[in-house]
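Below, read A as the first sequence line, B as the second, and so on, with proteins coming before strands; counting in each chain starts at 1. The model shown is predicted, which means the values in this text are computed figures rather than measured ones.
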Amino acid sequence: MSSEAAKTQLMDTVRQQAAMQNARLLVEKLNEHCFERCVPKPGSSLSSGESTCYTACMDKYMASWNTVSRQYLSHVQKGPPKF
Amino acid sequence: MDSLEVSGQTADALRNMSDKDKQELQQFVNNETQKAQIQQTVHNLTDLCFRKCITGKISSGALDRSEEPCMQNCVDRWMDSQMTVVRRLESLQHR
């Protein structure tokens with residue numbers, strides 16, 4: 001294997017694992033928040049109301065993620081603050 | 001995070017890598033590390049600010065007129081707080 005191919009392969013693996021970790025964290029947080037908000041008293045199955053709440057809750061959490069990401073990045077891009 | 005699985009073939013190729021390639025890989029790893037740190041902070045902040053700003057009944061998937069600015073303020077005030085802590089610690093150090 002050429003070192004160029006090895007380099008590319010290593011980079012791809014790192015990128016993939018970073019993306020996996022990101023997705024895993026998002027799923028964990030989504031379920032943590034939405035379970036707490038949408039299923040206050042777990043019944044024998046997920047009711048249609050709970051399902052509807054879940055869909056809205058997940059969309060809202062992801063919208064929040066995007067807003068926070070934009071806002072935080074605007075600070076990071078300004079560089080370290082001056083003292 | 002999981003350990004990287006590198007085949008023997010890849011490992012051999014990596015050992016024989018030129019200095020230029022090594023440098024490039026180092027730069028790549030630095031960038032990815034920084035990206036991962038920023039993403040981690042965004043996860044933590046979203047968690048924190050969602051708790052504080054999304055307190056009403058969840059009926060729509062979009063952020064409403066009060067939630068959006070609350071999330072933005074939450075990030076800004078968190079940054080301020082971070083600064084306050086750092087400044088305070090610095091002043092203690094120089095005393």
Legend entry - Residue A:Leu73 versus chain B: region with a heavy atom under 4.5 Å: side chain

Legend entry - Residue selection (most heavy-atom pairs with chain B, distance under 4.5 Å) from A:Ser69, A:Ser74, A:Ala6: A:Ala6

Inset, instruction - Name the region of B:Gln72, side chain, backbone, both or neither, that has any atom closer than 4.5 Å to a heavy atom of chain A. - result: both

Legend entry - A:Gln21 and B:Gln39, any side-chain heavy atoms less than 4.5 Å apart: no

Inset, instruction - Rounded to the nearest 0.5 Å, what's the gap from CD on A:Glu32 to CZ on B:Arg51? Could you check? - result: 5.0 Å

Legend entry - Best-contacting candidate, B:Asp47, B:Ile38, B:Val75, against chain A by heavy atom pairs under 4.5 angstrom: B:Asp47

Legend entry - Straight-line distance of A:Gln71 CD to B:Thr46 OG1, nearest 0.5 Å: 11.5 Å

Inset, instruction - Sort B:Ser59 into side chain, backbone, both or neither according to what part of it lies under 4.5 angstrom from a heavy atom of chain A. - result: backbone

Legend entry - Interface residue of largest heavy-atom contact number with chain A, from B:Leu45, B:Asp64, B:Ile54, under 4.5 Å: B:Ile54

Legend entry - Check: B:Glu24 and A:Met11 side chains under 4.5 Å, non-hydrogen atoms: yes

Inset, instruction - Tell me, for A:Lys7 versus chain B, whether the close heavy atoms (under 4.5 Å) come from the side chain, the backbone, both or neither. - result: both

Legend entry - Interface moiety of B:Ala36 toward chain A, non-hydrogen atoms closer than 4.5 Å: neither

Inset, instruction - Against chain A, label B:Thr33 side chain, backbone, both or neither, depending on which of its atoms sit under 4.5 Å from a heavy atom there. - result: neither

Inset, instruction - Tell me, out of A:Glu36, A:Gln9, A:Met62, A:Arg15, who's got the most heavy-atom pairs with chain B below 4.5 Å. - result: A:Arg15

